[in-house]
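Throughout, a chain's letter reflects where its sequence line sits, starting with A, and its residues are numbered from 1.
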2 protein chains.
Amino acid sequence: MSRPAARPDARSRLLDAALAVIRAKGYSATTVDELCAAAGVTKGAFFHHFRSKDELGVAAADHWSDTTGALFAGAPYHRHADPLDRILGYVDFRKALLEGGVPDFTCLVGTMVQETYDSVPAIRDACDRSISGHAATLVADIEAAMAERGMTPEWTAQSLALHSQAVLQGAFILAKAKGGAEVAADSIDHLRRYIELLFGRRPESIDREGPARTVAGRL
Amino acid sequence: MSRPAARPDARSRLLDAALAVIRAKGYSATTVDELCAAAGVTKGAFFHHFRSKDELGVAAADHWSDTTGALFAGAPYHRHADPLDRILGYVDFRKALLEGGVPDFTCLVGTMVQETYDSVPAIRDACDRSISGHAATLVADIEAAMAERGMTPEWTAQSLALHSQAVLQGAFILAKAKGGAEVAADSIDHLRRYIELLFGRRPESIDREGPARTVAGRL
DNA sequence: GATGAAGTACCGACTAGTTGGTATGTATTA
DNA sequence: TAATACATACCAACTAGTCGGTACTTCATC
């Protein structure tokens, strides 16, 4: 596991190509030749770096974890002093990421695990690591927000973190079905509203306000 | 479109096989030969009834709509007098369906649309029809529950119906990643709690109750 | 009510192209 | 000089789809 100096070699070009191609076509429909063409390398290079297509799938999921991990670690929502603001800031950040075409904002591992959960255990595990690891980055803030309010609810911080990932993954599926990000944004709005209600930021559970006030764009 | 008497012919056996096989392996990884073997028919029969694999994909999505449509139309939650009870009954019914192995309770069209949204428009449209059509069956009850309380919230009945589908689809992805239904059940619990909070059935938005009271199994 | 024409449902061998993977080579670097 | 990092040619297996054929049903006609 000693790492040579990072450079744009065939391996990382293949991994970057995999993120783009698999998100658009799915894992099974993506061929090795296609990946090589997208990365501008030959098949010999592919099988020099990966023993099989499935091994690339695992590496692509890990690469996805690294890439998105860095993106979220550097995101501005961590700067909020209040833990609930950090949680809501995370949700707003996720909504702000809904830019470009559908393949640009959807999730690689959510796509891959659907196709491989029953046939390629190594890929399923890598996808689970990616999703669960990302969810884990939310737990501390959720627990802090709970502790601040002396809450002992029937749900756990962990389950709320995973639920937020479920909403996002499901939102991506609806966006794919409808061909646009709007439906995903609506679902993220519902997630935000749920969290606000859970933590009592919205004092009235039955919302009687008019439609003028919007939830969007608070980051 | 005249319908001969229904019988277990090759076409319907292929469609039933498609539901099972595609849910387990995904659309692209499912081969025509495999489908034929699972249905106990020959390749000649397959291409007699479907001009291509993609045409079977569309027919499978429509068959899924028919099958699940009948299941939900006959479900007991419609019998509740109060519209909010019908909505919560629907959620409980969805939770109760989480039985058997992961391929048994997950959604065909949610799986298929991930692989085909960018490459097979006809299948994407069929999946969208299935998801959106199912969500539409919830709208009247949501609107009735809103009207009963004189609510004019910033969200629409339609968006809440679609959000519930997003939660379910995302719950299935997490279940596939983790290899079990528990995480999906937790997410459905969060969905139920959200709806209760939205409609004011839980008077306290910050839930201070102990963990003894459970949400499950109210149907 | 026998006959034949025409359609439907299905069979299974076949093919042209594609697939993941291999074998063997060479240039570059440590 | 010994790995490492590629490149090229190749292959066996598989893939969706084809094609000629068979069995059965329907239905009008003689």
Side-chain angles (χ1 to χ4, degrees), chain A residues 1-18 21-22 24-61 63 112 115-116 118-124 126, chain B residues 1-18 21-22 24-61 63 112 115-116 118-124 126:
Chain A
M1 293 287 172
S2 66
R3 293 180 203 162
R7 49 181 166 157
D9 56 356
R11 182 185 159 89
S12 50
R13 282 161 71 191
L14 278 165
L15 288 174
D16 288 337
V21 178
I22 296 175
K25 307 192 52 173
Y27 175 75
S28 300
T30 297
T31 69
V32 173
D33 284 324
E34 209 169 355
L35 246 24
C36 293
V41 304
T42 63
K43 222 166 180 179
F46 184 100
F47 285 99
H48 172 71
H49 290 289
F50 307 103
R51 269 181 297 185
S52 66
K53 186 191 170 187
D54 286 349
E55 193 174 291
L56 167 114
V58 173
H63 184 52
M112 274 208 297
E115 299 179 67
T116 59
D118 206 37
S119 41
V120 192
I123 295 183
R124 190 205 59 202
Chain B
M1 294 286 172
S2 66
R3 293 179 204 165
R7 48 182 165 156
D9 57 356
R11 182 185 159 89
S12 50
R13 282 161 70 191
L14 279 165
L15 288 174
D16 287 337
V21 178
I22 295 175
K25 307 193 52 173
Y27 175 75
S28 300
T30 297
T31 70
V32 172
D33 283 324
E34 210 170 353
L35 246 23
C36 293
V41 305
T42 63
K43 221 164 182 181
F46 184 100
F47 285 100
H48 172 71
H49 290 289
F50 308 102
R51 267 181 297 186
S52 66
K53 186 190 169 187
D54 286 348
E55 194 175 290
L56 168 113
V58 173
H63 184 53
M112 274 209 298
E115 298 179 67
T116 59
D118 206 37
S119 41
V120 193
I123 295 183
R124 190 205 58 202

Sequence-distant partners of [X], side-chain contact (heavy atoms from CB on, under 4.5 Å), two or more places apart:
X: B:S52; answer: B:D54, B:E55
X: A:S119; answer: none
X: A:A38; answer: A:A17, A:V21

Worksheet entry | Sequence neighbours excluded, every pair satisfying salt bridge (charged side-chain N to carboxylate O under 4.0 Å, His left out) that has a member inside residues 40-49 of chain B | B:D33-B:K43
Discussion item. According to side chain to side chain donor-acceptor pair (under 3.5 Å), who are the partners of A:K25, at least two apart in sequence or on a separate chain?
Written reply: A:E34
Worksheet item: What residues, two or more places apart in sequence or in another chain, satisfy side chain to side chain donor-acceptor pair (under 3.5 Å) together with A:H49?
Response: none
Worksheet item: If you find the nucleotide of DNA chain C closest to A:R51 and the one closest to A:T31, which residue's nucleotide is nearer the 5' end?
Response: A:T31
For the pair made of [atom1] in [X] and [atom2] in [N], what is the distance, rounded to whole Å?
X: A:D9; N: D:dA7; atom1: CG; atom2: P; answer: 11 Å
X: B:D33; N: C:dA13; atom1: CG; atom2: P; answer: 12 Å
X: B:F47; N: D:dG20; atom1: CZ; atom2: P; answer: 17 Å
X: B:F46; N: D:dT15; atom1: CZ; atom2: P; answer: 13 Å

Worksheet item: Going through the checks in order, is the side-chain contact (heavy atoms from CB on, under 4.5 Å) test met by B:V120 and B:E115?
Response: CA-CA 9 Å; B:V120 193; B:E115 298 179 67; over 6 Å; no
Worksheet item: For D:dA5, does OP1 or OP2 lie under 4.0 Å from any side-chain N or O of A:H49?
Response: no
Worksheet item: Within the structure, does a side-chain N or O atom of A:H48 lie under 4.0 Å from either OP1 or OP2 of D:dC6?
Response: no
Worksheet item: Under 4.0 angstrom, heavy atoms only, what part of the nucleic acid is A:S28 near: base, sugar-phosphate, or nothing?
Response: nothing
Worksheet, complete the sentence: Within residues 34-45 of chain A, the residues having a heavy atom closer than 4.0 Å to DNA chain C are A:K43
Practice prompt. Please work out which residues in residues 52-61 of chain B have a non-hydrogen atom less than 4.0 Å from an atom of DNA chain C and list them by number.
Written response: none
Fill in: Runs of at least three Watson-Crick or G-U pairs with DNA chain C, cut-off 3.5 Å
C:1-30 with D:1-30
Practice prompt. Measure across B:M112 and B:I22 and return the closest heavy-atom pair with its distance rounded to 0.1 Å.
Written response: CG-CG2, 3.7 Å
Worksheet item: Between B:L56 and B:A18, what is the shortest heavy-atom contact and its length?
Response: CD2-CB, 4.2 Å
Worksheet item: Is A:R11 close to A:V41 at the side-chain level, that is, under 4.5 Å between some pair of heavy atoms?
Response: no
Worksheet item: Taking only residues two or more places apart in sequence or in another chain, which ones pass ring pair (Phe, Tyr, Trp, His ring centres under 6.0 Å) with A:F50?
Response: A:F46
